[in-house]
> 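What follows is a single structure, and I will ask about it in a moment.
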Amino acid sequence: MTIKEKTRPPIKTTARIAGFLYLLQIPLGVFGILYIPKALMVPGDAAATASNILANEFLFRLSIVSAILAALVTVVTALFLYKVLKPVHKNYARLMVICTLVVAPISMLNELNHVAVLLLLKGREYLTIFTASQLQTLVSVFFDLHNYGIQIVGIFFGLWLLPMGYLVFKSNYIPKIIGVFLMITCLGYLIDFVKFFLFPSATIVISEFTFLGEILMVLWLLIKGVNVEQWEKRTVESARIL
């Protein structure tokens, strides 16, 4: 055994770190992308929305930071999952990581819509160009653009689950059923994307009913990790193929 192999973290530790990071995405994403923006926005009332943001400016800024951190944590999670799942199929594991590398920049750029909201509401110079009513209307527009951005990001939040689910299903060291549920979760995100753009009047959110795969994956990684014996077996088999 080489020095590098001796100092390498055990695969169960790597799996549990991946599980913790995956879990961390939930409060960061919910707080930054869903809860705070929706709590401050008053549909159909641009003036009330602007007033809420100005009255809760720190929370609004915190939501921007939280959303950016969620995107970065997603990438790091995928890198740890890559170490866990690459013995099954290295190329599919790379595809999983690539999808998160697309998620991160789109998510962060999308937060510029919320930055624009702050610039419009806090910039005195804009009051010389726009009336208060016009500024409030622009704020609503940027909120809407942010919502559209979330839907676009949702494509890749779904797509990274497809190779992950396949790898889990074929792994033999994480239960196959979790892989099945992950692929169903992927389908939920993709249906929501199509529904949002083609049938905007539909209010049902499919992914709210298909997220079980991610919950099971997080819990399994945190509590069980992986079956080390089977993981080592797949690692040896993978090395032989290469």
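The structure displayed is predicted, hence computed values, not measured ones.
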> According to the side chain to side chain donor-acceptor pair (under 3.5 Å) rule, which pairs have a member within residues 161-190, sequence neighbours left out?
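Residue pairs with at least one partner in residues 161-190: Y189-E214.
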
> Could you walk me through whether N147 and F196 pass the side chain to side chain contact (heavy atoms under 4.5 Å, CB included) test, one step at a time?
CA-CA 10 Å; N147 194 27; F196 183 84; 3.7 Å; yes

> Parallel, tilted or perpendicular: which one describes the rings of Y92 and H89, with boundaries at 30° and 60°?
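Parallel.
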
> Within this structure, what is the CG-CE distance for the pair L79 and M96, rounded to the nearest 0.5 Å?
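If we round to the nearest 0.5 Å, L79:CG and M96:CE are 8.5 Å apart.
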
> For K224, is the NZ atom crowded, meaning more than 12 foreign heavy atoms sit under 6.0 Å from it?
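Not buried by this count: 12 neighbours or fewer within 6.0 Å.
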
> Would you say I36 and L62 make side-chain contact, with heavy atoms under 4.5 Å?
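Sidechains of L62 and I36: no contact.
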
> Only pairs at least two apart or in different chains count here, so list each ring-ring contact (aromatic ring centres under 6.0 Å, His included) that has a residue in residues 18-59.
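Sorted result for residues 18-59: Y22-W160.
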
> Hey, what do you get for CG (L121) to CZ (F142), rounding to the nearest 0.5 Å?
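Output value for this atom pair is 11.0 Å.
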
> For residues A67 and I33, report the shortest heavy-atom separation together with the two atoms involved.
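The answer is CB-CG1, 3.8 Å.
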
> Which pair of heavy atoms, one from G29 and one from A70, lies closest together, and at what distance?
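So the minimum-distance heavy-atom pair works out to N-CB, 3.9 Å.
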
> Any chain of hydrophobic side-chain contacts (each under 4.5 Å) joining L187 to F181?
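Different hydrophobic clusters.
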
> Of all residues at least two apart in sequence or in a different chain, which pass the side-chain hydrogen bond (donor to acceptor under 3.5 Å, both in side chains) check with D192?
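For D192, the residues satisfying side-chain hydrogen bond (donor to acceptor under 3.5 Å, both in side chains) (neighbours in sequence not counted) are S207.
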
> Please list all pairs passing the side chain to side chain donor-acceptor pair (under 3.5 Å) test where one or both residues lie in residues 61-86, with sequence neighbours left out.
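Those involving residues 61-86 are Q25-T74, Q25-T77, E57-R61.
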
> Which pair of non-hydrogen atoms, one from V73 and one from L28, has the smallest distance, and what is that distance?
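What the structure gives for the nearest pair is CG2-CD1, 4.0 Å.
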
> Are the side chains of I152 and F197 in contact, using a 4.5 Å heavy-atom criterion?
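Sidechains of I152 and F197: in contact.
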
> I129: which residues meet the side chain to side chain contact (heavy atoms under 4.5 Å, CB included) condition with it, sequence neighbours left out?
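Expected list: none.
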
> Is there a path of hydrophobic side-chain contacts, each under 4.5 Å between heavy atoms, that joins L54 and V42?
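Unlinked, L54 and V42 end up in two clusters.
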
> Quick one: pull up CD1 in I150 and CZ in F157 and give me the separation to the nearest 0.5 Å.
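The CZ atom of F157 is 10.0 Å from CD1 of I150, to the nearest 0.5 Å.
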
> Shared ILVMFWY cluster between V84 and L222, side chains joined below 4.5 angstrom?
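Yes: a chain of side-chain contacts under 4.5 Å links V84 to L222.
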
> F193 and side chain to side chain contact (heavy atoms under 4.5 Å, CB included): which partner among I155, L198, V153?
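For F193, the side chain to side chain contact (heavy atoms under 4.5 Å, CB included) test succeeds with only one of I155, L198, V153, which is I155.
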
> Do M41 and N52 have side-chain heavy atoms sitting under 4.5 Å apart?
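No, too far: nothing below the 4.5 Å cut-off.
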
> Give the minimum heavy-atom separation between L221 and A15, together with the two atoms involved.
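Taking L221 first and A15 second, the nearest heavy atoms are CB-O, 3.5 Å.
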
> Side chains of I204 and F209: does their closest heavy-atom pair fall under 4.5 Å?
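Yes, their side chains come closer than 4.5 Å.
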
> A side-chain contact here means heavy atoms from C-beta on lying under 4.5 Å apart; do L118 and I64 qualify?
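A side-chain contact under 4.5 Å exists here.
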
> Does M183 reach the side chain of L162, with side-chain heavy atoms less than 4.5 Å apart?
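The answer is yes, as the side chains (C-beta and beyond) meet within the 4.5 Å cut-off.
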
> Is any side-chain heavy atom of H114 less than 4.5 Å from a side-chain heavy atom of F143?
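H114 reaches F143 side chain to side chain.
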
> Under 4.5 Å between any side-chain heavy atoms of M108 and L72, yes or no?
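Sidechains of L72 and M108: in contact.
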
> Check the pair L159 / L190 against side chain to side chain contact (heavy atoms under 4.5 Å, CB included), numbers first and verdict last.
CA-CA 8 Å; L159 286 178; L190 297 181; 4.1 Å; yes

> Decide side chain to side chain contact (heavy atoms under 4.5 Å, CB included) for I174 and M217; before the verdict, give the C-alpha distance in whole Å, the side-chain angles of both, and the deciding distance to 0.1 Å.
CA-CA 9 Å; I174 300 175; M217 184 67 170; 4.2 Å; yes

> According to a 4.5 Å side-chain heavy-atom criterion applied to Ile, Leu, Val, Met, Phe, Trp and Tyr, with indirect links allowed, do L182 and W220 form part of one hydrophobic cluster?
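Shared cluster, yes.
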
> Over all heavy atoms of both residues, which pair between L120 and V139 is shortest? Give the atoms and the distance, please.
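Nearest pair, atom of L120 first, then V139: CD1-N, 4.3 Å.
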
> With side chain to side chain contact (heavy atoms under 4.5 Å, CB included) as the test, would you mind laying out the steps for L40 and T49 before giving the verdict?
CA-CA 6 Å; L40 297 181; T49 298; 5.8 Å; no

> Among all residues two or more places apart in sequence or in another chain, which pass the side-chain hydrogen bond (donor to acceptor under 3.5 Å, both in side chains) test with N227?
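With neighbours one apart ignored, the set is empty.
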
> Give the minimum heavy-atom separation between L81 and A18, together with the two atoms involved.
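The pair with the smallest heavy-atom distance is CD2-CB, 3.9 Å.
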
